[in-house]
Amino acid sequence: MTADQIRSLQPALAALLETFRPYLGRSSNFGHLLAYVLGLTADLKRKSIEPIALAAGAAVRTLQEFLSFLDWDHEAANDHLHRAVMDRHGCARAVGVIDASGHAKQGRMTPGVARQWCGETGKIDNCVVGQHLLYSDNHPTNPFHCALSSDLFLPKTWNEDAQQRRKAHIPDEVTHRPKWRIALDQLKRAIANGVQFWFLTFDEDYGKVPQFWFELDTLDQQAIGEVPANFRVFAKRPACRSQRKAHRSKRVDNLCRFSPLFREQTWQRVTVRDATRGPIVWEVKMARVRLVIASPRPSRATDRQYALIIARHVDTGEIKYFVSNAAAGVPLADLLTAAFARWQIELWSERAKQEAGLGAFEVRTYRSLLRHWFCSRPAIYFLAAQTQRLRGEKSGDHARTGGRGDQCLGVDDLETHVALAG
């Protein structure tokens with residue numbers, strides 16, 4: 001959206017943030033939240049505390065204290081955001097996307113900063129990594145997507161540096177956890193707040209962990225995710241537990257190449273989506289397999305079966321492997337629709353960083369970082385909802401769509417919000 005459009009929507013943004021007032025403590029905190037979120041959506045070169053405060057005519061120290069020390073419940077406020085997303089954008093085919101994003105940072109003072117893989121720079125770099133859970137209605141032409149949760153991935157080196165932890169005010173209970181564990185906690189909290197996903201999707205960093213799949217099964221959450229070529233499965237339940245080659249699990253790339261399960265199939269050509277440069281077409285094959293339970297050797301196969309899909313890009317020849325815990329009767333087209341919904345993470349990430357200051361934090365404490373990420377979520381949520389409104393109406397297959405074709409907006413009618421905002 002243009003700067004003029006954003007300015008015209010400020011009353012509506014104020015009305016949206018008004019719904020968070022019960023979680024903000026003293027009344028002055030609402031003004032701080034409004035100033036900070038407006039700053040995150042404004043056309044500022046830097047969207048950290050100091051330039052936002054100067055643009056808003058507020059004291060820099062005041063906004064620093066708002067993020068660091070003032071008493072307000074950002075976790076309860078985020079639960080409210082979950083409920084608002086479902087109330088206003090819930091639909092039957094919503095897709096949840098799990099992803100981690102790196103933010104390049106200099107120095108050693110920012111909580112969680114370490115030498116690790118940074119997607120922002122595309123290499124091992126000094127950065128802070130956030131673990132995110134996204135919600136998307138997966139509309140093919142006018143999608144709505146926003147972040148439901150953002151948490152810090154704390155590298156193992158921070159477990160061992162008590163002085164560094166103390167300076168960053170990191171609570172004792174916050175320690176290194178794998179990203180997939182953080183993602184599960186985010187998913188459980190979202191479900192507890194009424195969020196419902198048709199499918200959950202993720203890349204191979206999560207899909208390669210069998211225990212992650214088993215936890216999703218426990219939650220009864222339908223999912224599809226990428227797995228690496230060396231991910232191991234059983235083509236069929238082995239006759240006995242043995243170390244002999246005939247009874248061992250197989251790499252998915254070898255299974256898809258040599259097993260009759262796949263070799264005797266013909267490729268099915270599927271148009272994944274229509275892009276600006278034309279349709280994106282993949283060829284796919286699918287079979288049912290069993291995952292590996294890493295019990296004391298020899299490993300054993302799961303009782304339930306999972307879908308294993310090999311997908312080959314028609315133009316580039318790129319190969320992807322997907323696993324899904326969906327029931328056998330779920331159509332292949334649905335599986336692929338959910339699997340390739342991850343393209344929206346790129347749109348969200350770019351927009352969140354450029355238009356809502358997701359990675360613009362210059363903070364020194366753990367709470368400040370989480371609160372900065374919280375403030376960016378209502379900002380990008382609001383921008384996404386208004387952009388969807390300005391682009392046009394939803395199609396009739398979306399939940400809560402009126403008989404006249406009325407769109408379910410991220411906020412109510414703008415005139416109502418102008419009145420609410422005074």
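Note that the structure is a prediction, hence the values are computed from the model and not measured. Just so you know, residue 1 is the first one in the sequence shown, and it goes up from there. The analysis underlying the following values was restricted to heavy atoms, covering all of them including side chains, and did not include hydrogens, waters or symmetry mates.
Taking both residues in full, the closest heavy atoms of Ile182 and Phe153 are given as CD1-CA, 4.0 Å, listed atom of the first, atom of the second, then distance. Closest non-hydrogen pair, Phe361 versus Thr110, comes out as CE1-CG2, 3.8 Å. Nearest heavy atom pair, residue Ala84 against residue Tyr381, reads O-OH, 4.1 Å. When all heavy atoms are compared, the tightest approach of Val323 to Trp213 is O-CH2, 2.9 Å. Nearest heavy atoms, Leu332 versus Ile309: CD1-CD1, 3.9 Å. Between Ala338 and Val95, the shortest heavy-atom distance links the atoms O-CG1, 4.4 Å.
For the side chain to side chain contact (heavy atoms under 4.5 Å, CB included) with Cys146, the qualifying choice from Val85, Leu134, Leu383 is Val85, the only one to do so.
With hydrogens and angles disregarded, a donor-acceptor distance shorter than 3.5 Å links the side chain of Arg371 to the backbone of Phe66. In this structure, Thr218 contributes its side chain and Phe214 its backbone to a donor-acceptor pair below 3.5 Å. In this structure, Thr302 contributes its side chain and Arg290 its backbone to no donor-acceptor pair below 3.5 Å. Between the Asn142 side chain and the Gln388 main chain, a donor and an acceptor come within less than 3.5 Å of each other. In this structure, Gln186 contributes its side chain and Gln131 its backbone to a donor-acceptor pair below 3.5 Å. A donor-acceptor pair is defined here as one N or O able to donate and one able to accept, closer than 3.5 Å; such a pair exists between the side chain of Asn159 and the backbone of His176. Put simply, the side chain of Arg165 gets close to the backbone of Pro171: a donor and an acceptor are under 3.5 Å apart. In this structure a side-chain-to-backbone donor-acceptor pair under 3.5 Å is present from His372 to Gly357. A donor-acceptor pair under 3.5 Å is formed between the side chain of Gln116 and the backbone N or O of Cys127. In this structure a side-chain-to-backbone donor-acceptor pair under 3.5 Å is missing from Asn193 to Val195.
More than 12 heavy atoms of other residues, nucleotides or ligands lie within 6.0 Å of NZ in Lys188, so this atom counts as buried by the packing criterion. The environment of CD in Gln106 is sparse: at most 12 heavy-atom neighbours from other residues, nucleotides or ligands sit within 6.0 Å. Within a 6.0 Å radius of CD in Gln196, other residues, nucleotides and ligands contribute 12 heavy atoms or fewer.
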Between Leu133 and Ile98, does the side chain to side chain contact (heavy atoms under 4.5 Å, CB included) criterion hold? Intermediate values first, please.
CA-CA 5 Å; Leu133 173 63; Ile98 293 173; 4.1 Å; yes

What's the verdict on side chain to side chain contact (heavy atoms under 4.5 Å, CB included) for Phe382 and Thr41, showing C-alpha distance, side-chain angles and the deciding distance?
CA-CA 9 Å; Phe382 179 77; Thr41 60; 5.7 Å; no

Could you walk me through whether Ile124 and Arg115 pass the side chain to side chain contact (heavy atoms under 4.5 Å, CB included) check?
CA-CA 6 Å; Ile124 300 295; Arg115 295 282 298 176; 4.3 Å; yes

From CA spacing to verdict: side-chain hydrogen bond (donor to acceptor under 3.5 Å, both in side chains), Ser48, Arg46:
CA-CA 6 Å; Ser48 54; Arg46 286 172 48 237; 3.1 Å; yes

Are Asp185 and Asp151 close enough, and set up right, to give a side chain to side chain contact (heavy atoms under 4.5 Å, CB included), and what steps lead you there?
CA-CA 10 Å; Asp185 287 345; Asp151 287 288; over 6 Å; no

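Tyr306 is not listed as a side-chain neighbour of Val233, based on a closest heavy-atom distance of 4.5 Å or more. For the pair Asn138/Thr337, a side-chain contact is recorded, criterion being any heavy-atom separation below 4.5 Å from C-beta on. Put simply, the side chain of Phe202 reaches to within 4.5 Å of the side chain of Leu216, judged on heavy atoms. When side chains are defined from C-beta on, Val314 counts as touching Glu283, because their heavy atoms get closer than 4.5 Å. Contact annotation: the side chain of Cys256 never approaches that of Lys285 to less than 4.5 Å [non-hydrogen atoms, C-beta and beyond]. In this structure, the side chains of Pro210 and Ile293 stay at 4.5 Å or more apart for every pair of heavy atoms. Between Leu154 and Arg177, every side-chain heavy-atom pair lies at or beyond the 4.5 Å cut-off. Residues Glu65 and His32 form no side-chain contact, since every pair of their non-hydrogen atoms from C-beta on lies 4.5 Å or further apart.
Between Lys179 and Asp205 no salt bridge is recorded (no basic side-chain N to carboxylate O distance below 4.0 Å). Asp137 has no carboxylate O lying under 4.0 Å from a charged side-chain N of Arg93, or vice versa, which leaves the two without a salt bridge. Taking 4.0 Å as the cut-off between side-chain N and carboxylate O, Asp161 and Arg108 count as a salt-bridged pair. Checked for salt-bridge contact, Lys105 and Asp125 miss the test: no charged N lies under 4.0 Å from a carboxylate O.
Here the CZ-CG distance, from Arg304 to Asp217, works out to 4.5 Å after rounding to the nearest 0.5 Å. Residue Arg181 holds its CZ atom at 14.0 Å from OH of Tyr206, rounded to the nearest 0.5 Å. Atom-to-atom distance recorded for Met109:CE and Arg364:CZ is 6.0 Å, nearest 0.5 angstrom. Atom CZ of Arg263 and atom CZ of Arg257 lie 12.5 Å apart (nearest 0.5 Å). In this structure, CD1 in Ile224 is found 6.5 Å from CG in Leu336, a value given to the nearest 0.5 Å. Here the straight-line distance linking atom CE of Met286 with atom CD of Gln268 works out to 7.5 Å at 0.5 Å rounding.
One side chain, His82 or Asn78, offers a donor N or O that lies under 3.5 Å from an acceptor on the other. For the residue pair Gln386/Arg389, the side-chain donor-acceptor check at 3.5 Å is satisfied.
Ring pair His89/Phe144: centre-to-centre distance below 6.0 Å. Checked against a 6.0 Å centroid threshold, the rings of Phe340 and Trp282 count as neighbours.
Ring planes of Trp373 and His132: perpendicular class, angle over 60° (limits at 30 and 60°).
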